[in-house]
Engineer: 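Below is the structure I would like to discuss, written out as structure tokens.
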Amino acid sequence: MNRTSSFIRPLVPRDPHEPHRVATPLELLTDLCFVVAVAQAATGLHHAISEGHAASGVGHFAMAFFAIWWTWLNFTWFTSAYDNDDGIARLLTIFQILGSLVLAAGIVRFFNDDALLIIVGYVIMRIALVIQWLRVSRNDPEHALTARRYALGIVLVQIGWIGFYFVPSAVYVPTFLVLVLCEFAVPIWSEKPGMTPWHPHHIAERYSLFFIIVLGETILSTTIAIQDAVDGEHPAAQVTYVVIGGILIVFSLWWLYFQRNAGEVIGGDNVSPFVWGFGHYFIFAAAAAIGAGLASRVDFWTHHGDGSALVTGGAVTVPVAVILAALWFIHIRLHDSSVRTLVPFSVAIVVVLGGYLHRGARTGRGTGLRRAVGRGTDSDRGQIRNRLNRLSESRVAPCGACRPRADAGVQARSHPRRA
């Protein structure tokens with residue numbers, strides 16, 4: 001009898017004011033499995049940028065990361081309210097872990113426009129959550145209607161995701177956006193009869209731990225950059241700048257996020273848990289994209305990819321600007337929305353984007369010359385090369401980095417992958 005009671009226990013609400021509530025080992029294990037999918041999505045974006053398909057890569061990354069983040073978010077908020085750690089909950093969590101691994105395995109195919117495996121993994125995880133909500137509807141009369149709404153809403157949206165596999169490419173993105181809105185609508189509609197008793201400090205800790213996991217992807221990209229710089233036959237000095245920049249970005253983002261405790265404010269009456277919880281998509285996705293951007297930047301300097309200076313530079317600076325804006329609006333603003341925080345964050349965003357756009361404009365002046373070098377006659381090439389060298393000498397670049405890069409750009413046009 002005791003064994004049975006320990007394996008199956010009623011799913012009743014946890015105390016939202018429970019002292020010293022922390023993440024459980026099973027939650028940490030689940031996060032570890034989700035990081036595999038995050039790594040796959042970041043790798044797919046990195047390869048797309050380096051192969052000259054940045055626009056398509058960003059789109060696929062945004063969609064794949066949504067699937068990862070949304071299933072993690074639903075698991076996190078459910079366990080905050082109803083985690084009883086019985087045998088059924090553990091088995092269903094393992095089932096969700098299986099789904100996350102299937103989803104991760106399908107991300108590479110998804111970047112090649114095959115969404116079957118990623119949809120299968122996503123649906124597996126959602127089925128496990130539906131079963132949990134049905135258990136709540138039986139054991140928690142106060143929130144029974146809320147639980148039934150969650151179960152019904154999730155099932156209906158999953159039918160939509162299965163149909164998503166068969167939609168024509170012309171309406172692929174609009175259909176995806178509609179389904180995302182439906183996913184957002186499910187918790188908003190379900191919580192109307194009564195909010196589930198989630199724990200503010202537990203939720204804040206879970207989000208902070210996931211943020212550290214995502215930052216780990218950027219650290220991994222920086223490590224690969226160091227390896228390329230050391231192992232390459234002719235390591236580019238600029239790779240050192242990428243390494244140092246990556247370390248400074250990770251440390252700065254960590255500092256900004258953890259300088260304030262979100263658990264102290266997200267439970268307040270003036271804070272929408274939906275805005276705070278859903279808005280973290282931009283923080284997490286941008287953090288993962290920074291790692292992909294750093295890796296593509298290394299490919300650019302080591303001539304292992306087809307991404308341009310402008311695109312690979314934007315692959316780092318744009319996500320940094322996005323995460324700074326999201327950090328202030330979602331996180332920092334809740335503690336201090338005055339000019340003391342708004343102005344520094346705004347200035348940082350302007351500096352990041354302004355420096356990138358200014359550099360891009362200067363780089364663009366030489367792009368046409370480089371393309372012409374690959375098309376003209378020998379005489380034309382000599383004249384254009386002289387003009388290109390004079391243009392390079394007129395630029396101001398630290399450590400003479402610009403002149404070698406101009407020569408490298410000429411040589412790159414004869415590389416078979418760039419022909």
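Every heavy atom of this structure was used, including side-chain atoms; hydrogens, water molecules and symmetry mates were not. Note that this is a predicted model, so its numbers are computed, not measured.
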Engineer: Show your reasoning for whether side chain to side chain contact (heavy atoms under 4.5 Å, CB included) applies to Phe210 and Phe34.
Structural biologist: CA-CA 9 Å; Phe210 196 73; Phe34 271 100; 4.2 Å; yes
Engineer: Ignoring hydrogens, what is the shortest heavy-atom contact between Ile290 and Val316? Give both atom names and the distance.
Structural biologist: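 What the structure gives for the nearest pair is CG1-O, 4.4 Å.
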Engineer: Counting C-beta onward and ignoring hydrogens, is there a side-chain heavy-atom pair between Asn139 and Arg9 closer than 4.5 Å?
Structural biologist: no
Engineer: Which heavy atom in Ala348 sits nearest to a heavy atom in Leu324, and how many Å separate them?
Structural biologist: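 In terms of heavy atoms, the two residues are closest at CB-CD1, 4.0 Å.
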Engineer: When you look at Val108 and Gln40, which way does the side chain to side chain contact (heavy atoms under 4.5 Å, CB included) test go after all the steps?
Structural biologist: CA-CA 7 Å; Val108 174; Gln40 289 286 78; 3.8 Å; yes
Engineer: Looking at Asp86 and Arg135, does any basic side-chain N land under 4.0 Å from a carboxylate oxygen?
Structural biologist: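 Counted as a salt bridge, because a side-chain N and a carboxylate O are separated by less than 4.0 Å.
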Engineer: Evaluate Ile349 against Trp328 for side chain to side chain contact (heavy atoms under 4.5 Å, CB included), listing each step before the verdict.
Structural biologist: CA-CA 11 Å; Ile349 293 171; Trp328 184 86; over 6 Å; no
Engineer: Does Val298 reach the side chain of Thr312, with side-chain heavy atoms less than 4.5 Å apart?
Structural biologist: no
Engineer: Please determine whether side chain to side chain donor-acceptor pair (under 3.5 Å) holds for the pair Asn261 and His335, giving the CA-CA distance in whole Å, both sets of side-chain angles, and the decisive distance to 0.1 Å.
Structural biologist: CA-CA 9 Å; Asn261 183 4; His335 300 269; over 6 Å; no
Engineer: To the nearest 0.5 Å, tell me how far Cys182 SG sits from Trp161 CH2.
Structural biologist: 9.0 Å
Engineer: Okay, side chain of Thr79, backbone of Thr76: is any donor-acceptor separation there less than 3.5 Å?
Structural biologist: yes
Engineer: Quick one: are Val186 and Arg149 in side-chain contact, heavy atoms under 4.5 Å?
Structural biologist: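 Contact flag for Val186/Arg149 side chains = no.
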Engineer: Would you indicate whether the side-chain heavy atoms of Val343 and Val347 approach each other to under 4.5 Å?
Structural biologist: yes
Engineer: Identify which one of Tyr207, Trp72, Trp77 satisfies the ring pair (Phe, Tyr, Trp, His ring centres under 6.0 Å) criterion when paired with His280.
Structural biologist: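 So the option named by the test is Tyr207.
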Engineer: Taking side chain to side chain contact (heavy atoms under 4.5 Å, CB included) as the criterion, tell me which of His199, His202, Arg21 meets it with Asp83.
Structural biologist: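 Exactly one option meets the side chain to side chain contact (heavy atoms under 4.5 Å, CB included) with Asp83, and it is Arg21.
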Engineer: State, to 0.1 Å, how close Ala292 and Ala42 come at their nearest heavy-atom pair, and which atoms those are.
Structural biologist: CB-O, 3.4 Å
Engineer: Is there a side-chain contact between Tyr82 and His143 in this structure, where contact means two heavy atoms from C-beta onward sitting under 4.5 Å apart?
Structural biologist: yes
Engineer: Short question: side chain of Ser80, backbone of Trp198 - any donor-acceptor pair under 3.5 Å?
Structural biologist: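 The answer is no, because no donor-acceptor pair under 3.5 Å joins these two groups.
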Engineer: Please check if the number of heavy atoms outside Phe282 that lie under 6.0 Å from its CZ is greater than 12.
Structural biologist: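 No.
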Engineer: Counting N and O atoms only, with roles assigned by atom type, does the side chain of Arg297 sit under 3.5 Å from a partner on the main chain of Ala309, one being a donor and the other an acceptor?
Structural biologist: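 A pair under 3.5 Å: yes.
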Engineer: Do Ile88 and Ile131 have side chains that get closer than 4.5 Å, going by heavy atoms?
Structural biologist: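 Heavy-atom side-chain distance check fails, nothing below 4.5 Å.
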Engineer: Using every non-hydrogen atom in the two residues, find where Ala54 and Val311 come nearest and quote the distance to one decimal.
Structural biologist: CB-CG1, 3.6 Å
Engineer: Between the side chains of Asp113 and His60, is a donor N or O closer than 3.5 angstrom to an acceptor N or O?
Structural biologist: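 Side-chain D/A pair, Asp113 to His60: present.
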Engineer: When the aromatic ring centroids of Tyr172 and Phe164 are compared, is their separation below 6.0 Å?
Structural biologist: yes
Engineer: Heavy-atom count check: over 12 atoms from other residues, nucleotides or ligands less than 6.0 Å from Phe66 CZ?
Structural biologist: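 Check passes, neighbour count above 12.
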Engineer: Would you confirm whether His331, through its side chain, and Tyr257, through its main-chain N or O, come within 3.5 Å as a donor-acceptor pair?
Structural biologist: yes
Engineer: Of all heavy-atom pairs between Asp299 and Ser50, which one has the smallest distance, and what is that distance?
Structural biologist: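 Heavy atoms only, the tightest pair is OD2-OG, 2.6 Å.
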Engineer: Out of Tyr281, Phe278, Phe284, which one pairs with Trp70 under the ring pair (Phe, Tyr, Trp, His ring centres under 6.0 Å) rule?
Structural biologist: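 Only one option passes, and that is Phe278.
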Engineer: Rounded to the nearest 0.5 Å, how far does CD1 of Ile119 lie from CZ of Phe166?
Structural biologist: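 Phe166 atom CZ to Ile119 atom CD1 measures 8.5 Å (nearest 0.5 Å).
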Engineer: Would you mind telling me which of Val155, Leu156, Ile154 makes a side chain to side chain contact (heavy atoms under 4.5 Å, CB included) with Gln158?
Structural biologist: Ile154
Engineer: Given side chain to side chain donor-acceptor pair (under 3.5 Å), test Gln96 with Thr30 step by step and report yes or no.
Structural biologist: CA-CA 8 Å; Gln96 292 189 71; Thr30 306; over 6 Å; no
Engineer: Return the CD1 to CH2 distance between Ile283 and Trp69, rounded to the nearest 0.5 Å.
Structural biologist: 10.5 Å
Engineer: Could you pull out the closest heavy-atom pair between Gly263 and Ala204, with the gap in Å?
Structural biologist: N-CB, 3.4 Å
Engineer: Is there a side-chain contact between Leu334 and Trp276, using heavy atoms and a 4.5 Å cut-off?
Structural biologist: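 The answer is yes, as the side chains (C-beta and beyond) meet within the 4.5 Å cut-off.
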Engineer: Apply side chain to side chain contact (heavy atoms under 4.5 Å, CB included) to Leu256 and Ile332, showing your working.
Structural biologist: CA-CA 8 Å; Leu256 290 172; Ile332 304 300; 5.6 Å; no
Engineer: If we ignore angles and hydrogens, is there a donor and acceptor under 3.5 Å between the side chains of Glu191 and Thr146?
Structural biologist: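 Short answer, no.
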Engineer: Taking the side chain as everything from C-beta on, heavy atoms only, tell me whether Thr71 gets closer than 4.5 Å to Phe75.
Structural biologist: no
Engineer: Does Ser56 use its side chain to pair, donor to acceptor, with the backbone of His53 at less than 3.5 Å?
Structural biologist: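 Not at all, since once roles are kept as given, no pair shorter than 3.5 Å links the two residues.
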Engineer: Are the aromatic ring centres of Trp133 and Phe78 under 6.0 angstrom apart?
Structural biologist: yes
Engineer: Nearest 0.5 Å, what's the CD1-CD1 distance between Ile323 and Ile330?
Structural biologist: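 The CD1 atom of Ile323 sits 12.0 Å away from the CD1 atom of Ile330.
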Engineer: How long is the span from the CZ atom in Phe300 to the CD1 atom in Ile49, to the nearest 0.5 Å?
Structural biologist: 13.5 Å
Engineer: I'd like to know if the side chain of Ser137 pairs up with that of Arg148 as donor and acceptor (distance under 3.5 Å, no hydrogens or angles considered).
Structural biologist: no
Engineer: Would you compute the distance between atom CG of Leu253 and atom CZ of Phe258 and round it to the nearest 0.5 angstrom?
Structural biologist: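 CZ of Phe258 is found 11.0 Å from CG of Leu253.
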Engineer: Evaluate the ring planes of Phe65 and Phe61, with Trp represented by its six-membered ring, and classify them as parallel (under 30°), tilted (30 to 60°) or perpendicular (over 60°).
Structural biologist: tilted
Engineer: Main chain of Leu209, side chain of Asp31: is a donor-acceptor contact present, judged purely on distance under 3.5 Å?
Structural biologist: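 No.
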